[in-house]
Structure formats: C-alpha cells, structure tokens
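Note sheet for the following structure.
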2 protein chains.
Amino acid sequence: MALTAKGRATRQRIVEGAAAHLRSDDPAGVTLDDIRAITGTSKGQIFHYFPDGKEELFLAVARYEADRVLDDQQPHLGALTSWPAWERWRDSVVARYRAQGRSCPLGALMSQVGSTPGATEVVSTLVGQWEAHIRLGIAEMQAAGLVRAGVDAGRTAAAFIAGIQGGVQLLRTTGSVGHLEAALDTLIDHLRG
Amino acid sequence: MALTAKGRATRQRIVEGAAAHLRSDDPAGVTLDDIRAITGTSKGQIFHYFPDGKEELFLAVARYEADRVLDDQQPHLGALTSWPAWERWRDSVVARYRAQGRSCPLGALMSQVGSTPGATEVVSTLVGQWEAHIRLGIAEMQAAGLVRAGVDAGRTAAAFIAGIQGGVQLLRTTGSVGHLEAALDTLIDHLRG
DNA sequence: CGTTTTCTGGACTGGATGGTCCACTGTGGT
DNA sequence: ACCACAGTGGACCATCCAGTCCAGAAAACG
C-alpha cells in the first residue's frame, strides 16, 4: 500500500483522533463510527488505511500511546544517576498519571484489543524498555556507591514496574494517586537502604 | 423479590456458572447467551433474578470473586506475625495467581463493568480490606521488634497492594509471574531492612 | 492530456446481542 | 381444592456496529 503525502496525513489524523477519543471516553464503548465522526473521515477511509479494521486501528493507537509513555518520562528516566534525579523522575511519573486521571490510554486499549499477539508484543516491548532504563539507573547508582551492591538491580527494577502498573491501575479505579506514590516512595526508600 | 429455596439455588447456579465462564474465556466476548447455555437456564430466568440485566449479573459475579480473593489467602493473610508467616503468605499469593494464569476474574470483570459506581465500590472494599490486613501485619511485626519502627506501615501496605496488582496485571499480559515475585520479594526485603 | 493509482463518501448488509413479553408450570399457604 | 405468586422456557424485537461495496474525485505519472 503506497501512501501519498495526503494519505499519510489522513492516516495520522485517524490515529490521533482515535487516541484522543480513547483517552477521554470509556474505551469499551468506542465505535468506528465515533472515530469516523471525530476525525471527519468515512468508513471507506478507515478501512482503506486499516484493512483489518478495528483491531488494526486500535493496535496502531496502542503503539502511538506506548511511544508517548517513555517519552513523557524523559529526560529523567534516561539519567537516574543521583538521588535528586530519582526524585525528579518520581515526580514526573506521578504528575503524568495524576494529569491523566482515571483514563489510562494503554490500559484501555489492552482491555479492548485483549490478548492478541500484536497487543502483548506492544506491552512487552514497552515494559522491557522501561524496566531496562530503571535497571540501568540502579546499576549506575551502585557503581557510584550510592546504592548497596547487595541490591538485585533486575529484581528491584521489576518491582518498580509492577508497583507503577498497580499504582496506575488503582488510580483508575479509586481516582487517587496514593498507591502510586506509596509504591514509588517505598521502593526508592528501599534503594536508599 | 421473595426467593424460594429453588430460586436461590438457580440464582447461585447462574452466578457460579458465569464466574467459571468468565475465568476461562475472554471476558470481552462473554454474552448472556453463553451464560444461559452454560448454566442451563433461559433468558427469562436471568432477567428474573437480575432485572437490570448484564450489568447487575456481572456485578454479582464480581462480588462473588472478590470474596474469593481474600479467602484464598487465608489463613496466612490474617496472621502475618513472623517471617515464616510472611513467606507462606507470599507463596500462597504467587501460587494462586500462577494457577490462575493469564485469566484474572476481577480484572476481567472490571474491564467489562468498567467504572460504574457499583464496580468501583467492590474493588475499593476489597483493596481496603486487603491493605488493612497487610498494614496490621506490619504493625504486629513492629510491635514484636522484628521490623524497624521507622517503616511507615500504611504506606508500605499500599506499596504491597500496588505491587501485587501490577504483578498480576503483568502476569496477564506476559504470562510470567516474575514481576509479581519481584514485587513481593523486594518489599519483604524492605521490611527486613 | 490520458491513464493508472490513490483517496474519499456513504449507502447497505449481516449478524450478533441485550432486553422484552407472555404463556405455561410448579409450589406453598389457607 | 384453590389461588397467588415464584419459577421457567423461548420466541421475538430493536438496535447497534463492524465490515463490504462501489462510484466518483483527486493526485501522480508518463
């Protein structure tokens, strides 16, 4: 499928419009007609750019959102080399999800697109990269002598990921960032020893 | 609505059948007809016992599953008074979710019944009780001098909940209990100081 | 230009599904 | 025996929605 400049623009418009709508509305009830209306396109266009229909479109949106997740944590996430840096990162994560409120773009998509191979691949990639950044940060802190050598960097990084995911999920259902903050603070305390 | 013994039995059969089906199958695609077929009932019965239809039924299933969550962790969760007790609890949680595999009864329900007031209430109640048990366990360990007094029991309990939730969620998408184990082990290590 | 390909619009379809309705049956109380 | 009401079965309805199809506009390209 060769896309002209116009075609690429339209495709992008569909993805971004769908992403915006999925952020604000209950994902379970989002229909192709909603997206069509919001993006000012037609059924023909949607299936022209996403021949496999809804699933392919939602997957494209998921990829789009996944890219945003790590970008939003930069530059902090890429340079976890001092305690103030960790605190800034912590604050940026909390701020991001507090702003996002109850809606969770990726969580929403996942509950829709469910357990298709493509969907798990998107999440796995994201989680893997995220975790790698944290693991590297812990290792750097250890190299600098700021964190005990006895700490298992890989396992602790995994705990961070789990804590963040759970914190965000609880934010979705309770509306409070309390659990997210508790998880991050407790784990950072753990690193501090 | 007065229920006779027969009525109560039928209602229960519907709830349990629906729960079993929601555990095994992709929750997004479960229909009332599926449940009807599995439980050997008719549309009339379903709407007789759950006048508000699908939502009311799914909420009843959610309550049913929520009760199971804490029960399955007993007696360990109720007596976190020594390190071996904490380990046994940890193992029971990991075992439970490992056995459950990729399916998460409550997570499934939540992504369906979404953000209705009833649904959030079920989750909030469950989370609250769960967290209270852990908080109590930490406090008892502190009283016994096994955990530093400086640890914030409430915050750490919240971190446990977040870590478990996130670990389970990652289990759902990656199929591995690694994150769940990492979260539990890291937080228990933190308690050990 | 002319033609080939991409882009766009929207009518239409097919099937799924939540929910309604009503007739019939069983059961418990008096 | 009767009657009121709970329980049951399943036909039927209304709607929604992903996906199809095709005709026509607009680019790209020679």
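Note on naming: letters A, B, ... go to the chains in the order of the sequence lines (proteins, then strands), and numbering restarts at 1 for each one.
The side chain of B/Gln45 places no N or O atom within less than 4.0 Å of a non-bridging phosphate oxygen (OP1 or OP2) of D/dG7. Contact annotation: B/Thr4 side-chain N/O to C/dG28 OP1/OP2 distance is not under 4.0 Å. Between A/Thr41 and C/dT8, a side-chain N or O to OP1/OP2 separation shorter than 4.0 Å is absent. Look at A/Tyr49 and you'll find a side-chain N or O under 4.0 angstrom from OP1 or OP2 of C/dT8.
Nucleic acid contact for B/Gly7: sugar-phosphate only, since backbone atoms but no base atoms lie under 4.0 Å from a heavy atom of the residue. Here B/Gly53 lies in heavy-atom contact (under 4.0 Å) with sugar-phosphate atoms only.
Across the protein-nucleic acid pair, B/Leu32 atom CG and D/dG10 atom P stand 17 Å apart, rounded to whole Å. At whole-Å resolution of the value, NE2 in B/His48 and C1' in D/dA6 are 5 Å apart. One atom, CG of B/Asp33, and another, P of D/dA11, lie 12 Å apart when rounded to the nearest Å. Atom-to-atom, CG of A/Asp34 to C1' of D/dA18 comes out at 13 Å; the value is rounded to the nearest Å. Computed from coordinates, the A/Phe58 CZ to D/dA18 C1' distance equals 11 Å when rounded to whole Å. A straight line from NZ of B/Lys6 to C1' of D/dC5 spans 13 Å, rounded to a whole angstrom. The nearest whole Å value for the distance from the CZ atom in A/Arg11 to the P atom in C/dC7 is 11 Å. Taking atom CD1 of residue A/Ile46 and atom C1' of nucleotide C/dT8, one finds them 12 Å apart after rounding to whole Å.
In terms of position on DNA chain D, the residue among B/Ala5 and A/Val30 whose nearest nucleotide sits closer to the 5' end is B/Ala5. Mapping B/Gly44 and A/Arg13 onto DNA chain C by nearest heavy atom places A/Arg13 at the nucleotide closer to the 5' end.
With D/dG19, C/dT6, C/dG18 as the choices, the nucleotide that has an atom nearest any side-chain atom of A/Lys43 turns out to be D/dG19. Nearest to the side chain of A/Ser42, among C/dT8, D/dG9, C/dT20, sits C/dT8. You'll find that the side chain of A/Lys54 is closest to D/dG19, out of D/dG19, D/dA28, C/dG18.
In this structure, the side chain of B/Ser92 engages the main chain of B/Trp89 through a donor-acceptor pair within 3.5 Å.
Residue B/Glu140 places its CD atom among more than 12 non-hydrogen atoms of other residues, nucleotides or ligands, all under 6.0 Å distant. Other residues, nucleotides and ligands place more than 12 heavy atoms under 6.0 Å from the CD atom of B/Gln73.
Of all heavy-atom pairs spanning B/Met141 and B/Trp86, the tightest one is CG-NE1, 3.4 Å. Nearest heavy atoms, A/Ala60 versus A/Arg11: CB-NH2, 4.2 Å.
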